[in-house]
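Bear in mind the structure is a predicted one, so any value in this text is a computation, not a measurement.
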Number of protein chains: 2
Amino acid sequence: MYTIGEVSKMVNLPIPTLRYYDNEGLLTNIERDSSGIRKFNDKTLESLRVIECLKKSGMQIKEIKEFMKWCSLGDQTIAKRKEMFIRQKEHIEQEIKELEMALAMIKFKCWYYDEALKDGTEKRVKKLDPNDMPEEIKQLFEHTHQPYRKESITKLI
Amino acid sequence: MYTIGEVSKMVNLPIPTLRYYDNEGLLTNIERDSSGIRKFNDKTLESLRVIECLKKSGMQIKEIKEFMKWCSLGDQTIAKRKEMFIRQKEHIEQEIKELEMALAMIKFKCWYYDEALKDGTEKRVKKLDPNDMPEEIKQLFEHTHQPYRKESITKLI
DNA sequence: TCTTGACTTAAAGTTAACTTTAACTTGTAA
DNA sequence: TTACAAGTTAAAGTTAACTTTAAGTCAAGA
């Protein structure tokens, strides 16, 4: 059994956030001692692990609350819960793809500004043809600078 | 040259969002025609691409605004801009790592609920020893269920 | 007995990034 | 000349997920 302060330190979440999660129904079956103090246990810690993961996967608090309710309803909600995790798996995979796209752009910009810094000016690198870039950088450029319209030429900023 | 409606369709952002970005100083040098209508160009499109990428990397609007100001100050801000991209690269790499951790947990849960669905109950899979899980699933489990305290046994929910 | 630290509550406040509203202008087509 | 579509503004509203505040309880140590 743990107090709210102990759990706060273990999972690295502020105490008011834990109370907020409890009030919102994300933590089921939190016991209280005779004077009303919350007694958390290892099941709470596992719940918090799952809550963090579902939040990362893009779920809102109220959706996580629903999931927790399903958990408490037992075996009759297994199919629902499985489908939910499949949806969140797809969601997070899409999010990772988008972040990797953004990362490619950022890596290109790191190279770009490194070149500009060596020159002391953006002049040369700004009008460089992709074919004159190192192969790896050219790949990053082409991956991230697909034109919005076929006729337009992608410009750097 | 494009109108706000054309840009909205091209980059798939609502018109008020483009106006908001303009008002916040994220889009520099937006020209207007004689009756005050914004005239966007290919440089705007490239700015919007960079804005999306910086937002994905965790930057706030006001920080992006600062970056755009640096861009307009020219070569004297190259070092600053490079350092900013290096910071954002680290930030996004960390974020991808965290999302991959969450994904591992979700993949484990997909397997878990698939087993439970086959059994019609969580009973068996809930108390399964990691050593009796398929190797791949055991890896996911151990990667995502490190105990908060060494003495505690990780429980599923 | 008094102070301290850790807990409790309900309710109000915060923040970022939009989003909506209401009122207006302008250029073209019927 | 009237209607419509697409643009304009300033200002108010929305939303989620906390976070802070104010007031109180309770057990242990000096």
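- Taking a 6.0 Å sphere around NZ of B:Lys65, one finds it holds 12 or fewer heavy atoms contributed by other residues, nucleotides or ligands.
- A side-chain donor from one of A:Tyr112 and A:Glu122 sits under 3.5 Å from a side-chain acceptor of the other.
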Side-chain atoms of residues 26-33 of chain A: list all donor-acceptor pairs with protein atoms under 3.5 Å, sequence neighbours left out, distances to 0.1 Å.
unit_1, atom_1, unit_2, atom_2, d
A:Arg32, NH1, A:Gly36, O, 2.9
A:Asp33, OD1, A:Ser35, N, 2.9
A:Asp33, OD1, A:Ser35, OG, 3.2
A:Asp33, OD1, A:Gly36, N, 3.2
A:Asp33, OD1, A:Ile37, N, 3.0

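- For the atom pair CD1 of B:Ile96 and CE of B:Met101, the computed distance is 15.5 Å after rounding to the nearest 0.5 Å.
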What does the B/S/- profile of nucleotides 4-20 of chain D look like, 5' to 3', with a 4.0 Å heavy-atom cutoff to protein? ---SBB------SBBBB
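- Taking the charged nitrogens against the carboxylate oxygens, A:Lys56 and A:Glu52 have no contact shorter than 4.0 Å, which rules out a salt bridge.
- B:Gln94 and B:Glu90 are not linked by any side-chain donor-acceptor pair at a separation below 3.5 angstrom, with hydrogens and angles left out of the test.
- Within the helix from C:dT1-D:dA30 to C:dA30-D:dT1, the inter-axis angle between the opening and closing five-pair segments is 20°, rounded to 10°.
- Here the two rings, on B:Phe108 and B:His145, have centers that are under 6.0 Å apart.
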